[in-house]
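Beneath this line is the structure, given in structure tokens, with notes to follow.
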Amino acid sequence: MSANSAFNEEKGGSSNVGEPEYGHDPASGGIFSSDYKRHDDLKEMLDSNKDSLKLEAMKRIVAMIARGKNASDLFPAVVKNVACKNIEVKKLVYVYLVRYAEEQQDLALLSISTFQRGLKDPNQLIRASALRVLSSIRVTIIVPIMMLAIKEAASDMSPYVRKTAAHAIPKLYSLDPDQKDCLIEVIEKLLADKTTLVAGSVVMAFEEVCPERIDLIHKNYRKLCNLLIDVEEWGQVVIINMLTRYARTQFLNPNMNESLLEEGGGEKAFYGSDGDDDEEEDKDEKDKKKAEAPSVVKRKPYVMDPDHRLLLRNTKPLLQSRNAAVVMAVAQLYFHLAPKAEVGVIAKALVRLMRSHSEVQYVVLQNVATMSIKRRGMFEPYLKSFYIRSTDPTQIKVLKLEVLTNLANETNISTILREFQTYIKSMDKDFVAATIQAIGRCATNIGEVRDTCLNGLVQLLSNRDELVVAESVVVIKKLLQMQPEQHSDIIKHMAKLTDNIQVPMARASILWLIGEYCEHVPKIAPDVLRKMAKTFTNEEDIVKLQIINLAAKLYLTNSKQTKLLTQYVLNLAKYDQNYDIRDRARFIRQLIVPTDKSGALSKYAKKLFLALKPAPVLESPFKDRDHFQLGSLSHLLNAKAGGYQELPDWPEAAPDPSVRNVEVPEWTKCSSREKRKEKKVEKPFYSDSEGESGPTESADSASDTASDSESGSEESGSGSESEESDQQSESGSEEDEEEEERKKKKEKIKAKKPVPESDRPCAPFHGNGYGKDIKTFPAVCLADHAIFPLPVSTNQTITPSGNLKTYELLHRITGEGLSVEYCFSRQPFSPDPHMVAVQIQFTNSAASEAKNLHIEDAKLQSGMRMKEFPEIETLPAGETVSVVMGIDFCDSTQAANFQLCTHTRKFFVSIQPPVGELMMPIFMTENEFKKEQGQLMGMNEITEKVTLGEKCHGEHAVIQRVTTAANLSRSSCSSSPVSGSQVRWEDGDQWQPCAGQCENGDRHNVGQGHPSDPHPVMIPPTLDLLPLNPVNYFLSYGLVLSPSGQSAPVPHTVPP
Amino acid sequence: MIHSLFLVNSSGDIFLEKHWKSVVSRSVCDYFFEAQERASEPENVPPVIPTPHHYLISVLRHRIYFVAVIQSEVPPLFVIEFLHRVVDTFQDYFGVCTEAAIKDNVVVVYELLEEMLDNGFPLATESNILKELIKPPTILRTVVNTITGSTNVGEQLPTGQLSVVPWRRTGVKYTNNEAYFDVVEEIDAIIDKSGSTITAEIQGVIDACVKLTGMPDLTLSFMNPRLLDDVSFHPCVRFKRWEAERILSFIPPDGNFRLLSYHVSSQNLVAIPVYVKHNITFREGSSQGRFELTLGPKQTMGKGVEAVLVNSQLPRGVLNTNLNPSQGTYTFDPVTKLLTWDVGKINPQKLPSLKGSMSLQAGASKPDENPTINIQFKIQQSALSGLKVNRLDMYGEKYKPFKGIKYMTKAGKFQVRT
């Protein structure tokens, strides 16, 4: 109750408005209300009819939860509101439910049916949120329901719902680990998903449920690598970490041969050279090796697996991410997987992270410290970035010091030592102590500066701060052990310090030094022992042990002077409280004091005590930490954290790389085979329809007058090849006139429906108003068939669309006068039927002529291919030329990147196909269509919303809008013998179905992607169209709404 | 991944908790308090603390510790970065991220946290999407909500989450279409006793405030893109285009965002804009010390140095100071020994100076360290590295936006050792 009233105070005015009855509620009296009446007011509010009251109550309950107050007794009252209409109330109820369902399992079941209903909602966002809450309720009894829901959602057509399904997998797994096998099946299915939205979440689920099932990754490896850059940042981190582990099991160590040279130290120069050409070599290699991949394994000079290279190449740009976790993930990937020569690239990015929040710095520095031991050269250029500021927090200072020490070598030691000198003066004493240790480490590692360091440290012995002195003593002790002979004066100096220094560790160090080198200071040593014997009882344990040691050593070397003192010390030790000391005393007495019973060992006492001890090696605490995956929690803690997956060692021989070859999924294969057959069957059928569709189409186009004449000319073009080229040159002459017309039309066309197309393979250039200003090059065309692929293939039916959009490839300004535009001509690309023809038009508006226009250096996603256009020798100033090239986009909307070269310059350009361009029409019967539709996996949905204005009555106008939005057009085939047959678009090798149907044989293809929008925006399917019966449209992929039973045939021709 | 989150204020109270999986008892924070006690300064609490069953990963912002509880292996930076993103979101929503602001908006905070993580894995962290889901509270909306009983939760479904441009809301409309870019450079430097530069580097950012209708596609080009060899981008920037043409091409998020940050580290590109002459001495045996400080401009490309603020942590032995500033005001806190001198603008004709004496603890030996001097300043209308934006073009929309660009240089961690 106190929480309520406290909250009330904060919320002040808002809670009282509109709920006067609440003010009279006696239960709101705060602390005076008795326990059984707790929250009665809230319950009342929740039971009321007013949403505002419910909301207020829920807000207060959430505030209680946030404070960690128990609100579980309200469960029944809250859970009733799970079906509340008000979105915010609903959301807050969800919050409550997720928090308390575990405690009140039976009552929680009441809410399940609401979510089950939500799972069937037509809106993807509601489906997703229902699944999200359902899976968050940790109630074991609903495991089967959850399992079912996840399975269903995993094949949902909305990627967002599939993403939610991926999120739900680990939740179910933690609730009931027995479901693992079923869940792995779902994971396997989702891993095959091609959308970036799902990728990160499913890999996360994979990591939590079955990280050992590395075999599930094989088929998806290349896809994951390629998608990586577009995945959201958190997903990137998870995927990169997983791929690092994967790569360690599948590829060979790129530094295999270098490990031998490692000690030689000359590896940098040696390998520096071959790293650079690696990249270029690799591309050819990749193609080459795809064919002969299995033979790679035994090849002697190491050749990197192209998939290994793919991973390195695709992760590199992510070093520029704004997210520190992504940068770190890439850095560790490079550290663990890249050839030595290439690891260097990560240093710059890591140094950049050092500017970030101190927590980020802390983690990054830890990792840099580990890396700098193995790859010192990498960070040497950034030495100064690790210099310490007085404002850094101590933990950062110490880590920076660690890195500086790791980076110290003969060349930079003098600057580092100078820097250390300023640090010693710092006010932060912990940091000073760390600096002294660092100096000691530099001195042991670099012989040349040992004396300098030692002198410096000795000077510190006169420092006023005891901590500094003590730390120096400890470090000096370690240094002296390396060459004690030359430094007896230092030992003498230190012996004097015993009077002042109180820090136990320092005292112990001094005593040990004197004992060890008592022969160098024969006069002082017994005196020190005398003093120590006096204070023995007051010393710390470590000091006492060292006093005993000192006594024993002196007894052995100088028994005449110290015999009694030793006895005395040993007697004191005998009665010490600490059993370690008592034991030590007993042991030493037996060893050194000769008695009649003394064993064989006492003969060797001197050898035992005064043996030459090896100098300690001062090591970085970060040494060998790299056996943990860098960037991981385990690495940071230097201890295995729960759930840590060991980074496996490189395999001796690479496993079969062909496992990553992706085959076209079964159904696609068979359907494409079928389809090919069909095509042949349909050929006559199609050509039959040709003649008949002619009038249809002109009647159609009559509705928009502008295109009228064009469709007329189309007609005549449907002849042979030679006619075609004639026609083109003709159209060239019409250029001016038509260009004008086109300009005028431009805006009109956008709003207008696409010009209803003919399904002739011919003359799209003329018909579609995009290529009017083409200056044709008949010579070129005729000379080389491949250059300008004229539509010879009459067996292929391509439907030119009404208005082809022209896209800009190179702007006049960036191209220095050369402007390039392209469009998808919707023509068959005869050299390769799998390729999409892209019409490219060069306009030289510069003063001088452009020469040698050609394509170079295409960077394509795996699987994509490109057929370049032949080089254009010259393009005089002011002239325009167009050529055709073919690109196989491999069914993706990934852009094809390449360089467009002139004799002087290179331009990086890319072509990205709108989805509508990746289709071609084919025929199939309704049944076939349904069959294909059933096999769709729902991976490629792009939706577009069409708003119908006032004027859009009549079905024809609707069709126009829909086809425009979909970037597709109608292919009419009213005469088709099979009634109700469907037209489907298909691209090179895979079904890319999309549909929309209106009944009575008037078929439309409604597809995807808005051409004017570079990033098509997905909008949930809207049924704006529905009221406009008699036709139902469903603007969603793969769905054909069944005719809604109207009998009236819908004419597909509309009178002008 | 992230199990729970606890918010701890500077006096060690847990004032908010949120659990994404099973509830973790707040007693787990005791380990955190232990570590906090051990640390001498608030910022010295280790970011990662192992406990027997959990690991605590914390960040400290605005004097609030955000302590995340995790149970198994997860990249620590992942959690840290996420926590900072949470703080940024709160700041974006409430203007400030203080205990009071969080407590006042506890429901919005809870709703935000609910959307940002699902089962401990980040779900929606883009501020544009979040704002579509949960409207930020404004005074007007609070009033309207109380009267009408409507809510902060967006009525529409958040379509942005489904988009391929998740950082941009759909259906953005403005009457005035504006795009402003601020090039802000911070110079980090360490100057040694003799006035020579030990390290100097520039950290630059381009912050944008873009209020444009529809789906504009912007390109930003630079006069001297070569300067930018170490950059990190907002996810909206098309990386390939940058690689190829050194042009920033992007569909901007709506509102304020950081377009890119860059780092210029090569010494010769970094000009130090101010110099400091100092003479700070303590004499053995006497209880007085001398303190002299003079500031002057240097390589500022004709622009004035403004908002100069000097502070210095004097040694513990200093009891008090008796200084005389030629301009501005100075304060000395005898408890923390922090000397602050608010200089204001530097007039090149009459250089500001601070002179006088320090009184030391009687009988104590002279402090063996000299204080470092931290300087803050601003230089308007100039980017120290010389970075210049060439032009901004917009494609994809028809209207003409109003464009603006501003340059500024600031001191980052600018230290002078004495």
Side-chain angles (χ1 to χ4, degrees), chain A residues 10 14 17-18 51-52 59 62-63 66 68 87-88 91 95 125 132 160 167 170-171 204 234 237 317 320-325 328 348 352 355 357-360 362-363 384 387 389-390 393-395 422 425 427 464 631-634 636-637 641-644 897 908 1013-1015 1017-1019, chain B residues 16-17 22 26 41 43-44 46-48 50 55 59 72-78 80-81 84 103-104 106-107 110-111 114 118-119 121-122 146 149 151 153 157 159 161-165 170 190 198-199 203 215 217 230-234 239-240 244-245 251 263 365 368-369 372 413 415 417:
Chain A
E10 286 159 20
S14 65
V17 183
D51 276 357
S52 58
K59 280 187 174 176
V62 166
I87 295 184
E88 188 162 20
K91 274 199 171 179
V95 168
L125 291 160
R132 203 181 143 196
Y160 186 63
H167 277 268
K171 297 185 205 169
M204 183 64 225
W234 310 108
V237 178
Q320 245 117 353
S321 169
R322 65 168 172 173
N323 188 319
M328 190 65 234
K348 199 194 270 176
R352 174 161 39 81
R355 259 292 295 208
H357 300 286
S358 83
E359 295 89 6
V360 175
Y362 177 80
V363 178
K384 290 189 169 173
Y387 281 6
R389 290 160 207 281
S390 60
T394 311
Q395 49 188 356
T422 49
K425 290 184 198 149
M427 290 180 227
R464 264 191 310 277
S632 68
L633 184 64
S634 307
L636 190 89
L637 299 169
Y644 173 72
N897 303 306
F908 288 83
D1013 185 351
H1015 294 274
V1017 180
M1018 300 177 105
I1019 297 166
Chain B
L16 189 122
E17 63 178 67
S22 301
R26 55 165 68 189
E41 308 269 327
E43 63 264 30
N44 270 336
V48 183
Y55 303 93
V59 305
S72 57
E73 172 65 48
V74 58
L77 267 186
F78 185 97
I80 291 171
E81 185 77 22
H84 281 298
K103 277 182 170 170
D104 285 348
V106 73
V107 176
Y110 234 67
E111 282 166 348
E114 185 74 24
D118 181 16
N119 194 35
F121 190 76
T146 6
T151 69
V153 173
L157 289 159
T159 48
Q161 229 160 342
L162 311 172
S163 140
V164 267
V165 247
T170 47
I190 303 177
I198 293 178
T199 78
Q203 304 288 340
M215 271 285 169
D217 195 335
D230 185 9
V231 273
S232 70
F233 299 116
H234 190 277
F239 183 72
K240 293 227 164 96
E245 304 165 56
I251 294 178
H263 182 127
S365 51
D368 49 10
E369 71 270 2
T372 47
K413 297 171 182 165
Q415 285 196 344
R417 293 175 179 165

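Numbered from 1 within each chain, the chains take letters A, B, ... in sequence-line order. Quick caveat, the model's predicted, so the values are computed rather than measured.
- A:R352 has a carboxylate O that lies under 4.0 Å from a charged side-chain N of B:D230, or vice versa, which qualifies the two as a salt bridge.
- Using a 4.5 Å cut-off between heavy atoms, A:M427 contacts chain B through both its backbone and its side chain.
- Of all the listed residues (B:L16, B:N44, B:I80), the one sharing the greatest number of non-hydrogen pairs under 4.5 Å with chain A is B:N44.
- If you measure heavy-atom distances from A:V360 to chain B, the contacts under 4.5 Å come from both the backbone and the side chain.
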Quiz item: Under the side-chain contact (heavy atoms from CB on, under 4.5 Å) criterion, do B:E81 and A:M328 qualify, and how do the steps go?
Solution: CA-CA 11 Å; B:E81 185 77 22; A:M328 190 65 234; over 6 Å; no
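- Not a single side-chain hydrogen bond (donor to acceptor under 3.5 Å, both in side chains) links A:Y387 to another residue, sequence neighbours left out.
- Most heavy-atom pairs under 4.5 Å with chain A, from the set B:P50, B:S72, B:P47: that is B:P47.
- At a 4.5 Å heavy-atom cutoff, the contact between B:F233 and chain A is made by backbone and side-chain atoms alike.
- Side-chain atoms of A:R389 come within 3.5 Å of backbone N or O of B:K413 as a donor-acceptor pair.
- With sequence neighbours excluded, the residues forming a side-chain hydrogen bond (donor to acceptor under 3.5 Å, both in side chains) with B:E245 are B:R241, listed by chain and number.
- Chosen from A:L636, A:V363, A:N323, A:V95, the residue pairing most often with chain B at heavy-atom distances under 4.5 Å is A:N323.
- In terms of heavy-atom pairs under 4.5 Å with chain A, the best-connected choice from B:D118, B:N119, B:V74 is B:D118.
- Chosen from A:L637, A:T394, A:V62, A:L633, the residue pairing most often with chain B at heavy-atom distances under 4.5 Å is A:L633.
- Of the inter-residue distances, the one linking B:I198 atom CD1 with A:T422 atom OG1 reads 6.5 Å to the nearest 0.5 angstrom.
- Note on ring orientation: taking the six-membered ring where Trp is involved, the planes of B:F78 and A:W234 are perpendicular (angle over 60°, cut-offs 30° and 60°).
- The two residues B:Q415 and A:S390 have their closest heavy-atom pair at NE2-OG, 3.0 Å.
- Using a 3.5 Å distance cut-off with no hydrogens or angles, the side chains of A:S634 and B:E73 do pair a donor with an acceptor.
- Judged purely by atom type and a 3.5 angstrom limit, A:Q395 uses its side chain to pair as donor or acceptor with the backbone of B:E43.
- B:V59 places none of its side-chain heavy atoms less than 4.5 Å from the side chain of A:H357.
- In this structure, the portion of A:Y362 lying under 4.5 Å from any heavy atom of chain B is its side chain and not its backbone.
- Across all their heavy atoms, A:S321 and B:S232 have their closest contact at O-CB, 3.5 Å.
- Counting heavy-atom pairs closer than 4.5 Å to chain A, the top-ranked of the candidates B:E114, B:K240, B:H234 is B:E114.
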